[in-house]
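Read the structure below first, then the notes.
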Amino acid sequence: MAAYAALVSVMHIIDTIEHHHSPPISIDKQQLESLTQILTSLQEFLENYKFPVADGDEADPLEMSIVDAAHAVEDVIESYIVNVIELGRSMSPNEIFLQGYVVDAAHGAEEVNSRKEVSCINFYQDLQQVIEEMNVIKKEAMETSAEAQLQRKVSSTHTGSLTSSSNVKESKMVGFDDVQLQLLDWLTGGNRNRQIIPITGMGGIGKTTLARHIFEHALINQHFDIRAWTTISQTYNVRETLREVLHQVTGNLGSDLSENELGEKLRKYLWGRRYTIILDDMWSVEVWDKMGVFFPDNNNGSRVIITTRLSNLAAKLTDSNTIGMRFLDDVCSWSLFSKTVFGDEVFPLQLEEIGKKIVGKCKGLPLSIAVIGGLLAKSELTLEYWEHIEENLSSVVNSENDEYCLRVLKLSYDHLPAYLKPCFLYMGMFGEDQRIGVSELMRLWVSEGFLKPNINKSSKTIAKEYLKELVDRNLILVHELGKLGNIRYCKMHDLVRDLSFQEAEKQRFYYVLGQDCPRGINSQRRIVIPRSTSAMTVRDAMETMSSRARSFICDADTAPELLDFRFLRTLSTYEYSKGYLDENVFQMVNLRYLSARFREGFQIPSSISMLWNLHTLIVYCWGVPTTAAVEIWKMHQLKHVEFVGGKMYLPDPRSGHSDVMMENLETLKGVLDFNLNEQVVKKIPNIKKLYIRYQDEVMERVKCLSYLQCLSKLESLTCSTEYVSDAEYLQCISFPHSLKKLYLVCGKFFHLEEILEKIGSLPLLEKLTLIDGQFGRRRWEIVEGQFPSLKYLKLWKCRDMECWTLEGSYLQRLEQLYLGWVESLEEFPSEIGEIPTLKSIQLCNCSESMAVSVKKIVEEQEELQGDPPFHVLVWSSKVSQELQSLATPNFRVVNWSIAVNQRLCL
């Protein structure tokens, strides 16, 4: 809820001022205690009080009063911060002269100090006034809470303290076995004409789930040469959709091609191949009219599956072979509900009767069952609570349209803990069907001040816990996992996003700009400008926006002209925008999150040191290398620094800055020729992710890598040293034992044996990628005790390895192995097939004899176990008949061109 977010945000400001290395202001102790007590009381009120459910467009008046009061406190505190920092800048004699004071610096300082005293008095008075106003609201909240307690009916019947399964929910498809079999038959049947197969039904009925199961089915993988999946949505873009399909089937991004050029390139690639393409969530036949011509009829049984909520659209696409999704019957509904709430555990007998009533009121809609089940799986398992859920459902189950779904989903939102509601509401600002990067999302949550401070946990840990809770409640969908099983990208179902957007709009939580710029935008704290917004609308919005806006996220192609937004905390612009931001953004002293593109070759100015509370700095710097002012080393609060493009020079810190330690910095990416030394490593003692690149052959620069071992908390290292001689490099490099992920790009003639001995001794290393280099002794021998924790191994263009042997206890945790362009290796180590944790092996343009030896290992495992626990995928630009004849469901062989090969493997 907006009220809880506003209160936590104020608490964050206070907490930061109290614990900052050099806070710009201080708050009177008595006022601080009074304000903290009021904020804490109101937080507890919001955590425990259930506001009446309103069907209108207005939020509860008391809740919005809390929002306005908290915003007023923020305005007073942050206005004072801006004034003090700007006055502090005036202490420079040159600036005193320019501002029209007096030339004498001492006299000018007196003038500034006098103004500071006046500002301090005004701050004390203004803060006292908003504290008193907030105290009045607190009293009203306490009275409301007391009245609610008197009216609350307390049931004397309890069922005990049951706990539900906490298993991570998988995508479940219950009750559609016959539909799936029918669809598989149509897809793989004898009809050789290209066929369009629509899957129709209302939102949340399971269209996408069915399509996803079919898409990943082993029979489909084996039957079709090419598979691709793309989501259309209401605001479709034909060019981007064609580009997505082309990228999936060829690996070519096609960034510079027109819509027609993309389509023709796709058509030529599909010609002669049997393909299946899924177009998910189509809303208009015009999309097919524009795209269908690029999907050729090869007379070989190609198929196009289209999911849509519109039955009349399906009728326009085909007069046969349409799947109409139906509601689940009682048995299947109960099965889905049981699995969602309790997994494989037994359903408690005392909850079965009320559970069946709840399922009955969901009317067989899988989405409703999954969301309500997700709510109950994470909630109190008592008869009283489940009866409360059933009573609330009874008033909203009569409608059969999407509004009904939203009202059911609204119940899930109403029962979210107060601390999760702001994070859920924030999700609605992302575009429909948008793939949301989890790391970026969590950093935005932090910068907006949504996460309740906890002295025992970092903000990143809290954000991960919040995200997991929302995933477990089926309100956020896992879209893509990383190599080690972490969530990389997430999404929201359309209906859930609609709910989030609707509630956020009601509570004035943020405003998403349309094509018209309304007057109401000047009162908004958070502004979102979508990708499709025109340049004129962006310009009008900038002129209308309040200078006290706190968050501005612009995904439009046109970069905004920022004038006077000194109170901004979050500023994010589209990385590929046609314009650039001006360097005056570094004077927005309250910024916490800055992600922007600047002109080529710009320098981060010394004024960056005024950004006293900056957490995240992401700079897009392609082309000419850029530099940062030495003042960046004074940024005490920085946690994440990323120079996209990898062309940023960081200067050596001055001795005068040695008193400032960047103990909060955890991520540093994209630094060029980073001069690690004793002073630098002392400044970044808690760094966890470091991505660096060296482009010259200056040995003094390379030897600095010996200081890597001093970074005792470093977990992820990406280092490119392609232009460094091997002898000097091997002598100096040292890795910290804390390392978990290592991505190393070596020179072509770099000898790998010695560096692999150092890497193999790392006790925690889970993921290793080696690019380039050669095996000077032409063999790699892994001995007892090396790589004890390794789960993912990738070798790419590592030359001259003719023999690979393993001795003793080897790679016992390995899950994924990727060998690309390792052409000298003729025989694959048979011992790897015996690793119990192994899930997949991929070979890319390796020797055919090695592929044959891997096939023998697969056959041996099939004889021992039936089906081996791992699968093999062989990519090759030239597939012989002999190699193709070896293909099985567990040993797939794919033919592709070398150009595409290199793109997809990377």
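All figures in this text were calculated on a predicted structure; none of them were measured in a lab.
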Problem set entry | Any side-chain heavy-atom pair of V238 and E286 under 4.5 Å | no
Problem set entry | With Y489 via ring-ring contact (aromatic ring centres under 6.0 Å, His included) - residues at least two apart | none
Problem set entry | ring-ring contact (aromatic ring centres under 6.0 Å, His included) involving F295 - partner list, sequence neighbours excluded | W288
From [X] atom [atom1] to [Y] atom [atom2], the distance as rounded to the nearest 0.5 Å:
| X | Y | atom1 | atom2 | answer |
| --- | --- | --- | --- | --- |
| N486 | E480 | CG | CD | 10.0 Å |
| T230 | L242 | OG1 | CG | 9.0 Å |
| F891 | L883 | CZ | CG | 6.0 Å |

Side chain of [X], backbone of [Y]: donor and acceptor closer than 3.5 Å?
| X | Y | result |
| --- | --- | --- |
| R892 | L873 | no |
| S500 | F424 | yes |
| E503 | L425 | no |
| K316 | V285 | no |
| R303 | W186 | yes |
| K207 | I199 | no |
| R239 | L257 | yes |
| Y510 | M429 | yes |
| T573 | C554 | no |
| R526 | F509 | yes |

Exercise. Is any NZ, NE, NH1 or NH2 atom of the basic residue among D178 and R326 found under 4.0 Å from an Asp or Glu carboxylate oxygen of the other?
Worked result: yes
Using salt bridge (charged side-chain N to carboxylate O under 4.0 Å, His left out) as the criterion, list what pairs up with [X], not counting sequence neighbours.
| X | result |
| --- | --- |
| E244 | none |
| E240 | R243 |
| E261 | none |

Which residues satisfy the side-chain hydrogen bond (donor to acceptor under 3.5 Å, both in side chains) test with [X], sequence neighbours excluded?
| X | value |
| --- | --- |
| T200 | none |
| N221 | R227 |
| T570 | S447 |

Residues forming a side chain to side chain contact (heavy atoms under 4.5 Å, CB included) with [X], sequence neighbours excluded:
| X | value |
| --- | --- |
| Q222 | P889 |
| R274 | H223, F224, D225, N300, S302 |
| L481 | V478, I487 |
| S335 | V174, K339 |

Exercise. Testing V858, V893, N890, L817 for side chain to side chain contact (heavy atoms under 4.5 Å, CB included) with V872, which one passes?
Worked result: V858
Exercise. Quick one: which of N321, D297, V304 gives a side chain to side chain contact (heavy atoms under 4.5 Å, CB included) with Q195?
Worked result: N321
Problem set entry | Residue pair D281, T208: steps toward the side-chain contact (heavy atoms from CB on, under 4.5 Å) verdict | CA-CA 8 Å; D281 199 19; T208 301; 5.8 Å; no
Problem set entry | side chain to side chain donor-acceptor pair (under 3.5 Å) evaluation trace for D280 with T307 | CA-CA 5 Å; D280 187 37; T307 73; 2.4 Å; yes
